[in-house]
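These numbers come from the heavy atoms of this one structure, side chains and all, not from hydrogens, waters or symmetry mates. Counting convention: from 1, in listed order, for ligands and their atoms alike. For reference, positions follow the sequence shown, starting with 1.
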Amino acid sequence: MKASKIILFVIAGFALIFSFLFFLGSGGQSGGFNLIYIAVGLAAVAFILIFFATRLDISADPAQNVTVNIDLPGEVSMDAIKCESCGGVLTEKDIKLVSGAPMVTCPFCSTTYQLSEEPKW
Ligand SMILES: [Zn+2]
């Protein structure tokens with residue numbers, strides 16, 4: 001529930017309460033004719049506010065429900081070996097075997113680290 005909507009409902013509630021008070025006041029007074037107009041006017045304002053408050057809710061809903069679904073095939077990210085530090089694409093030239101362990105030297109950020117062999121699922 002949005003704050004602007006709550007404010008609209010609160011103002012509408014006050015308008016309805018004052019409308020009711022003016023309506024009650026109009027009965028006992030000689031000049032009650034004008035008070036009835038004020039009461040009806042406040043009631044109309046209250047219903048307009050409620051109308052806009054409900055419309056506000058409807059117009060806000062589609063924007064909140066926008067979801068972006070990006071479905072990429074799993075192979076895309078597996079095609080290239082990327083640097084763990086800068087994300088640069090590494091080639092076979094950057095991988096060297098040092099004492100049996102594949103070491104990667106990134107040509108972009110000069111980071112050297114051991115290439116961890118992840119299990120193939
Ligand atoms: Zn790098």
Side-chain angles (χ1 to χ4, degrees):
M1 204 171 188
K2 282 192 168 184
S4 55
K5 191 186 170 189
I6 296 166
I7 291 164
L8 279 176
F9 271 119
V10 167
I11 294 168
F14 273 109
L16 274 177
I17 289 164
F18 276 104
S19 167
F20 185 66
L21 289 174
F22 277 119
F23 185 75
L24 285 180
S26 68
Q29 291 177 8
S30 55
F33 190 71
N34 290 331
L35 286 175
I36 284 176
Y37 269 114
I38 294 166
V40 170
L42 277 173
V45 167
F47 283 115
I48 289 166
L49 283 173
I50 291 168
F51 175 73
F52 274 112
T54 49
R55 271 186 67 103
L56 198 75
D57 191 39
I58 293 162
S59 60
D61 268 341
Q64 287 171 351
N65 293 334
V66 169
T67 50
V68 179
N69 293 320
I70 301 167
D71 285 316
L72 287 172
E75 296 87 45
V76 169
S77 59
M78 300 301 288
D79 282 340
I81 303 166
K82 288 184 179 179
C83 173
E84 291 178 6
S85 298
C86 67
V89 179
L90 301 170
T91 58
E92 289 180 1
K93 295 173 187 175
D94 303 316
I95 303 167
K96 290 175 183 176
L97 280 173
V98 179
S99 63
M103 299 295 290
V104 175
T105 305
C106 177
F108 302 103
C109 63
S110 303
T111 305
T112 305
Y113 53 88
Q114 189 174 334
L115 188 72
S116 58
E117 282 188 61
E118 292 177 7
K120 309 279 184 186
W121 301 107

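Taking a cut-off of 2.8 Å, the protein N, O or S atoms nearer than that to the Zn ion (ligand 1) are Cys83 SG, Cys86 SG, Cys106 SG, Cys109 SG.
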Please evaluate residues Ile50 and Phe9 with respect to the criterion side-chain contact (heavy atoms from CB on, under 4.5 Å), reporting the C-alpha separation (whole Å), side-chain torsions for both, the decisive distance (0.1 Å), and the verdict.
CA-CA 6 Å; Ile50 291 168; Phe9 271 119; 3.9 Å; yes

Tell me, with the steps shown, if Cys106 and Cys86 meet side-chain contact (heavy atoms from CB on, under 4.5 Å).
CA-CA 9 Å; Cys106 177; Cys86 67; 3.7 Å; yes

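Listed by chain and number, the residues in a side chain to side chain contact (heavy atoms under 4.5 Å, CB included) with Phe14 are Val10, Phe18 (sequence neighbours excluded).
Linking Ile, Leu, Val, Met, Phe, Trp and Tyr residues whenever their side-chain heavy atoms come within less than 4.5 Å leaves Val89 and Ile95 in two separate clusters. Linking Ile, Leu, Val, Met, Phe, Trp and Tyr residues whenever their side-chain heavy atoms come within less than 4.5 Å places Leu21 and Leu42 in a single cluster. Residues Phe108 and Val104 are members of separate hydrophobic clusters, defined by side-chain heavy-atom contacts under 4.5 angstrom among Ile, Leu, Val, Met, Phe, Trp and Tyr.
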